[in-house]
Amino acid sequence: MACGWSKYSLGGKVFYIVAIGDGRLEELLLREESSPDCAGDDNMMKVAELARRWILEGNVSAVDIGPNATPFQRKVYEAISKIPKGSVSTYSSVAKAIGCKGSRAVGQALKKNSIPLFIPCHRVVRKDGSLGGFECGPDIKEQILRKEGIRITNGKVDPSQIIYDL
DNA sequence: GCTAATAGGCGGT
DNA sequence: ACCGCCTATTAGC
């Protein structure tokens with residue numbers, strides 16, 4: 001399995017953006033260690049570097065959406081890929097945008113997301129501004145959002161930065 | 001098929 | 001702030 005990584009400093013800690021794939025991008029993860037058991041592959045190293053720059057600079061280049069996604073998950077991913085850097089939206093807003101009534105289902109889909117960071121699941125928060133969950137931990141979510149220019153006080157996002165209508 | 005488990009939301013306390 | 005009940009989707013049985 002091809003693999004690449006890119007160093008990324010977050011809140012004084014060093015993380016590795018780990019890209020794992022097989023010919024095409026399949027998985028992109030944030031880890032506290034690089035994966036020692038898989039050798040660096042040129043292509044995946046580029047993917048990881050691209051991801052790092054995407055986080056730091058917000059430049060999105062089109063990336064394949066997870067190949068194993070269900071139709072519902074695809075709809076969720078497509079909807080949230082429209083959220084620009086510097087803004088966030090809410091689980092219920094995403095649900096409404098794709099014509100689904102249950103906001104929990106959106107969270108479900110994001111959790112299953114195989115390529116976080118590129119699919120900006122960190123930009124989806126609760127309606128009341130609290131952060132909600134994140135696979136790599138809520139503190140990581142907060143730090144990534146701060147890096148993107150989101151103001152967070154008392155654990156809540158500044159309402160003026162929340163897009164309620166997608 | 002049914003059941004339990006969610007990265008949510010809402011209304012009543 | 002807590003609690004209960006609603007919701008949609010998925011994984012496991």
Side-chain angles (χ1 to χ4, degrees), chain A residues 1 5 8-11 13-22 24-33 35 47-48 51-52 54-56 58 60 63-166:
Chain A
M1 182 70 83
W5 58 88
Y8 175 53
S9 163
L10 199 62
K13 265 179 156 180
V14 174
F15 289 90
Y16 292 84
I17 295 158
V18 181
I20 304 167
D22 195 5
R24 73 210 147 167
L25 175 60
E26 285 184 354
E27 204 174 357
L28 192 63
L29 303 165
L30 205 56
R31 291 276 182 266
E32 293 193 45
E33 298 173 357
S35 300
V47 170
R52 189 184 65 83
W54 181 79
I55 293 170
L56 293 178
V60 192
V63 176
D64 206 8
I65 285 186
N68 302 329
T70 68
F72 175 77
Q73 287 163 352
R74 281 179 178 276
K75 278 202 261 182
V76 172
Y77 302 156
E78 282 167 26
I80 72 167
S81 61
K82 287 187 289 195
I83 306 171
K85 180 184 175 187
S87 300
V88 298
S89 190
T90 73
Y91 295 99
S92 59
S93 298
V94 174
K96 197 167 85 179
I98 64 174
C100 132
K101 291 180 208 162
S103 44
R104 292 194 89 147
V106 173
Q108 282 271 15
L110 293 185
K111 187 180 183 181
K112 303 267 163 42
N113 172 15
S114 60
I115 48 171
L117 306 179
F118 267 124
I119 295 174
C121 40
H122 57 284
R123 293 183 191 154
V124 185
V125 300
R126 289 195 181 210
K127 198 174 193 181
D128 67 356
S130 58
L131 292 185
F134 194 64
E135 187 66 19
C136 306
D139 46 334
I140 304 298
K141 185 172 184 172
E142 176 170 344
Q143 290 174 60
I144 295 175
L145 285 175
R146 282 190 192 281
K147 250 190 204 306
E148 293 193 345
I150 302 295
R151 295 178 296 278
I152 302 167
T153 51
N154 298 330
K156 293 199 177 185
V157 173
D158 184 340
S160 71
Q161 296 181 293
I162 302 179
I163 301 171
Y164 293 101
D165 266 321
L166 268 182

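Below, read A as the first sequence line, B as the second, and so on, with proteins coming before strands; counting in each chain starts at 1.
- Contacts of A:Gly133 with the nucleic acid, taken as non-hydrogen atoms under 4.0 Å apart, include base atoms.
- Remark: C:dT7 base-pairs with no nucleotide; criterion is Watson-Crick or G-U wobble with both hydrogen-bond distances under 3.5 Å.
- Ion pairing of A:Arg146 with A:Glu142 is present here, as a side-chain N (NZ or NE/NH1/NH2) and a carboxylate O approach within less than 4.0 Å.
- Look at CD on A:Gln73: it is 16 Å from P on B:dT6, rounded to the nearest Å.
- In this entry the distance linking OH of A:Tyr77 with C1' of B:dA7 reads 12 Å, nearest Å.
- Within the 4.5 Å cutoff, the side chain of A:Leu145 has heavy atoms near those of the A:Leu131 side chain.
- We find that NZ of A:Lys96 is positioned 15 Å from C1' of B:dG8, with the value rounded to whole Å.
- Residues A:Ala105 and A:Thr90 both approach DNA chain B. Their nearest nucleotides, taken by heavy-atom distance, put A:Ala105 toward the 5′ side.
- Counting non-hydrogen atoms under 4.0 angstrom, A:Tyr91 reaches a base of the nucleic acid.
- We find that CG of A:Leu131 is positioned 14 Å from C1' of B:dG8, with the value rounded to whole Å.
- A 3.5 Å limit on both hydrogen-bonding distances identifies no Watson-Crick or G-U partner for B:dA7.
- For A:Ser103, no side-chain nitrogen or oxygen approaches OP1 or OP2 of C:dT7 to under 4.0 Å.
- In summary, the side chains of A:Gln108 and A:Lys112 do present a donor paired with an acceptor at a separation below 3.5 Å, with no hydrogens or angles considered.
- Here the P atom of nucleotide C:dT10 and the CZ atom of A:Arg74 are 13 Å apart, to the nearest Å.
- Side chain of A:Lys112, nearest nucleotide from C:dA11, B:dG9, B:dT6: C:dA11.
- What separates CD of A:Glu142 from P of B:dA7 is a distance of 19 Å, to the nearest Å.
- Which of B:dG8, B:dT6, C:dT10 sits closest to the side chain of A:Arg104 comes down to B:dG8.
- In this structure, NZ of A:Lys111 is placed 13 Å from C1' of B:dA4, rounded to the nearest angstrom.
- For the pair A:Arg151 and A:Ser160, the minimum side-chain heavy-atom distance is below 4.5 Å.
- Donor-acceptor pairing under 3.5 Å, judged by distance alone, is absent between the side chain of A:Gln108 and the base of C:dT10.
- Computed from coordinates, the A:Lys75 NZ to C:dT9 P distance equals 8 Å when rounded to whole Å.
- With C:dT10, C:dT7, B:dC10 as the candidates, the nucleotide lying closest to the side chain of A:Lys127 is B:dC10.
- When side chains are defined from C-beta on, A:Arg123 does not count as touching A:Ile144, because their heavy atoms never get closer than 4.5 Å.
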